[in-house]
Protein chains: 2
Amino acid sequence: MTNPLALKLEQFTRFDGAERARLDFLAAQPSKTYARGATIIAEGEKVASIHLVLEGLAARAKTLPDGGRQIMAFLVPGDLCDVEVFVLEAMDHDIVAIADTTCALIPAAMIEDMLTESSKLTKALWWSTMTDSAVLRERIIDHGSRNARERIAHILCELLIRYRIVGVTSDASFPFPLTQKELVQATGLTSVHVNRVLQQLRAEGLIVLKNRVVTVLDTHRLKAAGQYEARYLHLTRTERRDPGVSDRAGDLVPATHHRLLQDATHTLKSILGRN
Amino acid sequence: MTNPLALKLEQFTRFDGAERARLDFLAAQPSKTYARGATIIAEGEKVASIHLVLEGLAARAKTLPDGGRQIMAFLVPGDLCDVEVFVLEAMDHDIVAIADTTCALIPAAMIEDMLTESSKLTKALWWSTMTDSAVLRERIIDHGSRNARERIAHILCELLIRYRIVGVTSDASFPFPLTQKELVQATGLTSVHVNRVLQQLRAEGLIVLKNRVVTVLDTHRLKAAGQYEARYLHLTRTERRDPGVSDRAGDLVPATHHRLLQDATHTLKSILGRN
DNA sequence: CCGTCACCTTGATCTGGATCAATTCTCCTC
DNA sequence: GAGGAGAATTGATCCAGATCAAGGTGACGG
C-alpha cells in the first residue's frame with residue numbers, strides 16, 4: 001500500500017531514503033479498521049498510541065449538550081488524529097469514522113524517537129500540525145463569514161485537494177461518504193438547507209454527487225463559489241516535485257503560489273538549513 | 001514585569017530554576033509596542049522572530065474578499081503569535097493589535113535552541129500549541145452550533161479565564177478593549193445584534209461592561225449562558241499549584257476536572273518522565 | 001464651546017436559513 | 001420481491017439575526 005503520510009509530508013519537503021523508510025515503518029504499524037459511524041477515540045479518553053488514517057474518512061467532532069454533534073475537521077488518509085497524546089491528559093473531542101476507516105496505531109514512543117532523531121521529520125510533523133490549525137481557522141471563516149453555498153463549496157474544494165495530495169484521486173472525482181446528516185454537522189446548517197444548496201450546485205453544473213462520489217465539473221467556478229484560496233494549506237512543493245503531483249493538486253493551487261515558488265529554493269534551504 | 005509566558009506554561013507543568021530562567025530570558029527580549037488597530041504581522045509576511053504578547057490584546061484575523069475581517073482567535077499576554085515561523089514560508093493570516101499591545105520579539109533560533117536543549121520546555125510549547133488548536137475548535141462550535149447569546153457569553157468566559165491564568169486580573173473583571181466592531185468580526189454577527197445581546201446580558205445582571213472593562217457579576221449563570229466548559233483549555237495544574245492560581249482560574253474550571261486531578265500525579269509523572 | 005468623528009443605541013423591516021411535515025428514493029434483509 | 005429503515009427531496013411556514021435608517025453620546029482638537 002502507498003503511504004499517505006509520506007505523500008502528505010512530501011508537500012513540505014523531500015525526504016532521503018532513511019527518512020522515507022522511517023515514515024513507511026510508521027504507516028506499517030498494526031492497523032485497526034473501524035466501521036462507518038464508530039467512535040475511533042472518545043472525548044475524555046487517554047490514548048497510548050497515535051492513530052494515523054490510512055484509508056477512509058474520519059472527523060473530529062464534539063457532542064453538544066442538546067445531543068447534536070459538531071464536526072470540526074475532516075481527517076483524510078495521511079492525517080494524524082491525536083498528536084496531542086504527548087502532552088494532554090485526555091482528548092477534548094471525539095474522533096468518529098465517517099466511512100469505514102483504517103488507522104495505523106503508532107506507539108507514541110515511536111514518534112518521540114523520531115522527534116529526537118530527525119530534525120527534518122520533526123519539522124515535517126510541525127508543518128503538518130500548523131497546517132491542521134490553518135484548516136481549523138479556515139473553518140471558522142466558513143462559519144463566520146460565508147453563506148451556505150460558499151461554505152459547502154469551500155469544503156468540497158478542500159476535500160478534493162486534500163484527497164489529491166495523498167493520491168486517493170487523481171482527477172476531479174473524490175469519495176464522499178458523508179451522509180447529508182454529517183454535512184449538516186460540519187456546516188452548521190440544516191439537512192433541508194444542505195439538500196437545497198447541493199441541488200443548486202448540481203443544477204448550476206458545478207458538481208455531480210452520485211453513489212457517494214463527488215465529481216467537480218467546473219473547478220474554477222466551484223472555487224469562485226467557495227472563495228477558495230488554497231494558500232492556507234501551505235503546499236510548498238506541489239508545483240516543483242513532479243508532474244504527477246502537479247496534476248494531482250492541479251489548478252486548485254493559486255497562481256500566486258506558483259510565482260512565489262519560482263525562486264523559493266534558497267528560502268527553503270535556509271528554513272531547512274539547520275538539518 | 002511578571003512573565004505571562006511562564007505563568008501560562010505553568011498551567012502545564014512546574015519548572016525548575018534553569019527552565020524558569022530561560023523563559024524569563026525569552027520574555028526579556030527586545031520588545032515593540034503596536035498601537036491599537038495596527039497590523040503586527042501581515043498575511044504573506046515571512047517573520048524572522050517570534051512575537052510573544054506581553055501586554056494588551058491582539059487577534060488572528062483574515063481579510064475577506066468583501067473587505068470585511070474575520071477574527072479567528074484572540075491573543076492575550078503569554079500567547080505566541082507565530083510559532084509557524086519554523087516551518088511555513090509565510091503567514092496565512094494577519095495579527096492585529098486590538099488594544100495597544102507590546103510584544104517581545106524572540107529570535108527563532110532562540111526557541112529552536114530551547115527545543116533541542118530542554119524536552120520539558122519543548123513539551124510545554126507543544127502543550128501551548130495543542131491548546132491553541134483546542135481554542136480554535138471551540139470557536140468553530142461557537143459559530144456552528146451556538147446562537148448569538150451563547151457565542152458572546154462563551155467568548156467572555158474564555159477571555160476571563162485566560163486573563164486570570166496570566167495574572168492580568170484576579171477577580172471577575174477584565175480589560176475589554178474590543179470595540180463592538182471587533183466583537184462583530186469575532187462572532188460573525190452584526191453590530192446591531194451584538195449590541196442587543198450585550199444589552200440583554202447586562203439587563204439580566206450577568207455582566208457589567210463599562211469603560212472597556214467587563215465585570216462578570218454571575219459566573220455561574222454566564223457559564224450556563226455560554227455552555228462554558230473549560231476542559232478544552234487543559235489547565236492541568238490549576239487546582240494544585242497554589243491558592244493564588246486557584247483563585248485566579250476560580251470556579252470557571254469544571255468540577256470534574258478537580259476530581260480527575262486527585263490522583264493525577266503519577267499520570268503526569270509518566271507523561272513527563274522522559275525528561 | 002462647538003464641531004466632528006468614532007462609537008453605541010434604538011426602531012422598523014426584511015431574509016437566509018430553520019422548522020415542521022410529508023413524500024419518495026435507495027438499499028438492505030429476509 | 002415485500003417490507004422497512006435510513007437517506008434524500010419537496011413544500012409551507014416561521015424566526016433569529018441581517019439590513020436599513022436615525023438618533024444619541026462622549027472624547028478629542030481648535
Side-chain angles (χ1 to χ4, degrees), chain A residues 35-38 57 64 66-71 96-100 142-155 175-204 207-214 225-226, chain B residues 35-38 64 66-70 96-100 142-155 176-204 207-214 225-227:
Chain A
R36 157 180 185 67
L57 181 69
L64 305 166
D66 68 9
R69 178 175 264 177
Q70 173 75 41
I71 289 177
V96 296
I98 302 291
D100 292 348
D142 271 358
H143 291 191
S145 314
R146 297 201 253 255
N147 65 24
R149 192 180 118 100
E150 293 164 341
R151 224 177 280 186
I152 290 176
H154 197 280
I155 286 181
F176 195 76
L178 306 201
T179 203
Q180 285 190 5
K181 191 181 82 214
E182 284 136 353
L183 198 49
V184 161
Q185 293 168 351
T187 55
L189 303 165
T190 55
S191 64
V192 172
H193 204 59
V194 162
N195 184 285
R196 286 181 177 138
V197 170
L198 285 176
Q199 307 268 356
Q200 197 199 338
L201 293 176
R202 281 190 274 223
E204 291 174 32
I207 60 164
V208 173
L209 169 48
K210 225 171 61 180
N211 296 123
R212 319 262 106 147
V213 170
V214 166
Chain B
R36 156 180 185 65
L64 306 166
D66 68 10
R69 179 175 262 176
Q70 173 76 41
V96 296
I98 302 291
D100 292 349
D142 270 359
H143 291 189
S145 314
R146 297 203 253 253
N147 66 23
R149 191 179 120 99
E150 292 164 341
R151 226 178 278 187
I152 290 176
H154 198 279
I155 286 180
F176 195 75
L178 305 201
T179 204
Q180 283 189 7
K181 191 181 82 213
E182 284 138 352
L183 198 49
V184 161
Q185 293 168 352
T187 55
L189 304 165
T190 55
S191 64
V192 173
H193 204 61
V194 163
N195 185 286
R196 285 180 178 138
V197 171
L198 285 176
Q199 308 269 357
Q200 197 200 339
L201 292 176
R202 282 191 274 223
E204 291 175 32
I207 60 165
V208 172
L209 169 48
K210 223 171 60 178
N211 297 123
R212 320 258 106 149
V213 170
V214 166
Q227 304 176 344

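Order of the sequence lines fixes the chain letters, A, B, ..., with proteins taken first and strands second; residue numbering starts at 1 for each chain. Because the structure is a prediction, the values reported are computed rather than measured.
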Roughly how bent is the helix from C:dC1-D:dG30 to C:dC30-D:dG1 end to end, in steps of 10 degrees, with each end axis from five pairs?
->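 Axis-to-axis angle, ends of the helix: 40°.
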For [X], check side-chain hydrogen bond (donor to acceptor under 3.5 Å, both in side chains) against everything at least two apart and list the hits.
X: A:R149; result: A:E204
X: A:T179; result: none
X: A:Q185; result: none
X: B:E150; result: B:Q227

Spacing of [X] atom [atom1] and [Y] atom [atom2] [to the nearest 0.5 Å]:
X: B:L183; Y: B:H193; atom1: CG; atom2: NE2; result: 11.5 Å
X: A:I152; Y: A:N147; atom1: CD1; atom2: CG; result: 9.5 Å
X: A:Q199; Y: A:N195; atom1: CD; atom2: CG; result: 4.5 Å
X: B:H154; Y: B:T187; atom1: NE2; atom2: OG1; result: 14.0 Å
X: A:L178; Y: A:I71; atom1: CG; atom2: CD1; result: 7.0 Å

Please check if the side chain of A:R151 supplies one atom and the backbone of A:R146 the other of a donor-acceptor pair under 3.5 Å.
->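 Checking the backbone N and O of A:R146 against the side chain of A:R151, a donor-acceptor pair under 3.5 Å is found.
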Checking A:N211 side chain against A:V213 main chain: does a donor-acceptor pair fall under 3.5 Å?
->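 Absent.
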NA contact type, B:R146, heavy-atom cut-off 4.0 Å: base, sugar-phosphate, or nothing?
->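 Touches nothing.
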Listed by chain and number, what are the salt bridge (charged side-chain N to carboxylate O under 4.0 Å, His left out) partners of B:R36, not counting sequence neighbours?
->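 Result, salt bridge (charged side-chain N to carboxylate O under 4.0 Å, His left out) vs B:R36: B:E182.
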Taking atom [atom2] of [N] as reference, at what distance in whole Å does atom [atom1] of [X] sit?
X: A:E150; N: C:dG17; atom1: CD; atom2: P; value: 9 Å
X: B:K210; N: C:dC8; atom1: NZ; atom2: P; value: 16 Å
X: B:R151; N: D:dA18; atom1: CZ; atom2: P; value: 8 Å
X: A:H143; N: D:dA16; atom1: NE2; atom2: C1'; value: 18 Å

Using a cut-off of under 3.5 Å, enumerate the N/O to N/O pairs linking the protein to nucleotides 4-7 of chain D.
{"from": "D:dA7", "atom 1": "O3'", "to": "A:T179", "atom 2": "OG1", "distance (Å)": "3.3"}

Which residues in residues 188-201 of chain A have at least one heavy atom lying under 4.0 Å from any atom of DNA chain D?
->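 Those residues are A:V192, A:N195, A:R196, A:Q199.
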Nucleotide N/O to protein N/O under 3.5 Å, stretch nucleotides 25-28 of chain C:
none

Side chain to side chain contact (heavy atoms under 4.5 Å, CB included) partners of A:S191, counting only residues at least two apart |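 Result, side chain to side chain contact (heavy atoms under 4.5 Å, CB included) vs A:S191: A:V184.
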